[in-house]
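Below is one structure, written out as structure tokens, with a few remarks after it.
Note: hydrogens, waters and symmetry copies are ignored here, and every other heavy atom, side chains too, is used.
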Amino acid sequence: KQLKPFEVLPRRKDASGASQISSFRFTCHCWFDEEKFVAGTEEGDLLVIENTETKKILRTIHGEGLAISVVQSVARGLLCGGDAGMVSLFERTFDDSTYFRQIRRFAPLHTSRVVDLSVSPKEDNAVVVFANNCMSMMALETLEAQKAELEGNALSTVLPIGFHDDEVTAIDVCIQKPIIVTGSLDKTIRVWNFLRRRVEFVRAFEEEVLSVALHPTGLRLVVGFKSYMRMYNVLSADLHFCTEFPLKSCHEVRFSNGGHAFAAVVAVAAEGRDRVVVEFRLGQEHLGIVALRVAGCVIADLVALGGGGG
């Protein structure tokens, strides 16, 4: 629980005095000039220390009970990470009463603890390493420029490495392309190329992925979540949102062999014993429900409406 700075002399190494701070449990530290350094604690505080004197304490950076696990000095200030995947960027104020000002705090869609931060030589990008073996890259210039609060996936990009770190709940294979899509409870979708034996890209979401269905051409993807179901256009390195369907907790969805329609299974009764198959038809003029089926019997045929109401 103590900090002990050392002074390096030509032929000896002396401790310049142990810090008198003993009420904190220190987890990390870094120097930001020749005389001062910043230390992170399990309590979630950042301490600005000069020699053995505490100049400033920044309390609960990421919230109550969220520890600081890594802190990195950059030209503009500090970059720190900790529990719950939280990352913060601080700007140096050159004011002895404040020292640093927090300009951004966010969680890049990872609930796992941040274990390391690496900043590029030009300090334009930073890579965040998480305890679940995932990595994200973020643009520091974007973090500083954006004033409004943004979601984690708008501020960082999940690097396509490794595997899912939770249960895989959905998988589908493309007919016309050598790609496989997997979804997981870790809130990510991974697009794999089984000929090259690698992950093409990873897309993170705010909810757990329950089901996936690839269009036979590999150009579209339907994803089922707990609160809704969405269709995405599959790009070379990302998924582009196309449309949303008001279906909740869809655990099974599949495209037809021709790709002109897809069907989704949803539970409608208590305890999920009764299930409804909802069929959607894709076309140039409409994308909507054309039939509802329960236990294989059609109970309603509906007219699909286009965007203009026709």
Side-chain angles (χ1 to χ4, degrees), residues 1-6 18-19 21-33 36-50 54-92 99-121 123 125-140 142-144 149-153 155-159 161-166 186-188 202 204 206:
K1 295 183 179 181
Q2 287 189 341
L3 289 176
K4 183 178 293 186
F6 285 83
S19 173
I21 307 172
S22 58
S23 59
F24 296 93
R25 292 172 293 177
F26 298 102
T27 57
C28 56
H29 76 280
C30 74
W31 293 88
F32 69 88
D33 64 22
K36 302 180 184 66
F37 65 93
V38 175
T41 70
E42 287 191 10
E43 293 78 12
D45 303 329
L46 286 178
L47 282 71
V48 181
I49 301 174
E50 182 177 4
T54 302
K55 297 293 186 179
K56 181 69 175 179
I57 300 179
L58 305 176
R59 299 284 185 181
T60 57
I61 300 303
H62 295 150
E64 193 69 29
L66 298 180
I68 302 296
S69 56
V70 58
V71 58
Q72 178 72 42
S73 176
V74 293
R76 70 196 73 184
L78 289 173
L79 191 65
C80 69
D83 289 349
M86 297 297 298
V87 177
S88 291
L89 178 64
F90 288 84
E91 180 183 48
R92 189 173 180 180
Y99 286 96
F100 296 100
R101 178 177 64 91
Q102 189 178 49
I103 61 177
R104 176 66 63 185
R105 183 181 72 175
F106 74 102
L109 294 180
H110 281 285
T111 58
S112 184
R113 178 174 54 91
V114 177
V115 297
D116 200 6
L117 290 168
S118 181
V119 182
S120 63
E123 297 190 354
N125 293 305
V127 174
V128 186
V129 183
F130 300 90
N132 60 357
N133 297 326
C134 291
M135 300 173 66
S136 293
M137 177 177 290
M138 55 187 180
L140 296 182
T142 302
L143 290 178
E144 187 177 16
E149 291 295 330
L150 295 177
E151 298 178 356
N153 58 353
L155 295 172
S156 64
T157 303
V158 181
L159 298 181
I161 61 173
F163 300 92
H164 293 288
D165 65 310
D166 207 332
D186 64 3
K187 302 179 181 180
T188 65
V202 180
E206 294 183 350

Val114/Phe130 under side-chain contact (heavy atoms from CB on, under 4.5 Å): CA gap, chis, key distance, verdict: CA-CA 4 Å; Val114 177; Phe130 300 90; 3.8 Å; yes
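Nearest heavy atoms, Val71 versus Leu78: CG2-CD2, 4.1 Å. Minimum interatomic distance between Ser112 and Asn132 (heavy atoms only, all atoms of both residues): OG-N, 3.1 Å. Minimum interatomic distance between Glu123 and Arg76 (heavy atoms only, all atoms of both residues): O-NH2, 3.3 Å. Contact record, Leu66 with His62: CD1-O, 3.0 Å, taken as the closest heavy-atom pair. The shortest heavy-atom contact between Arg105 and Ser88 is CG-OG, 3.3 Å.
Qualifying side-chain contact (heavy atoms from CB on, under 4.5 Å) partners for Thr41, counting only residues two or more places apart in sequence or in other chains: Phe24, Phe26, Glu43, Asp45, Leu47. In this structure, Tyr99 has no ring pair (Phe, Tyr, Trp, His ring centres under 6.0 Å) partners at least two apart in sequence or on a different chain.
Distance check, rounded to the nearest 0.5 Å: NZ of Lys36 to SG of Cys30 gives 13.5 Å. Expressed to the nearest 0.5 Å, how far CD of Glu42 lies from CZ of Arg25 amounts to 4.5 Å. Between Lys187 atom NZ and Asp166 atom CG the span is 10.5 Å, to the nearest 0.5 Å. Atom-to-atom distance recorded for Phe100:CZ and Cys80:SG is 10.5 Å, nearest 0.5 angstrom.
Judged by distance alone, with hydrogens and angles left aside, the side-chain atoms of Ser136 form no donor-acceptor pair with the main-chain N or O of Val128 at under 3.5 Å. Between the side chain of Ser120 and the backbone N or O of Asn125 there is at least one donor-acceptor pair closer than 3.5 Å. Within the 3.5 Å criterion, the main-chain N or O of Val127 finds no donor-acceptor partner in the side chain of Ser118. At distances below 3.5 Å, at least one donor-acceptor pair connects side-chain atoms of Asp186 with backbone N or O atoms of Asp165. Panel note: side chain Thr60, backbone Gly65; no donor-acceptor pair is recorded below 3.5 Å.
Inter-residue side-chain proximity for Phe90 and Ile103 is flagged as unmet; no heavy-atom pair is nearer than 4.5 Å. A 4.5 Å side-chain heavy-atom check between Ile61 and Gln102 finds at least one atom pair inside the cut-off. In this structure, the side chains of Leu79 and Leu140 come closer than 4.5 Å at one or more pairs of heavy atoms. Using a 4.5 Å heavy-atom cutoff, the side chains of Cys28 and Ile68 are in contact. Considering only heavy atoms from C-beta on, Val87 comes within 4.5 Å of Met138 through its side chain.
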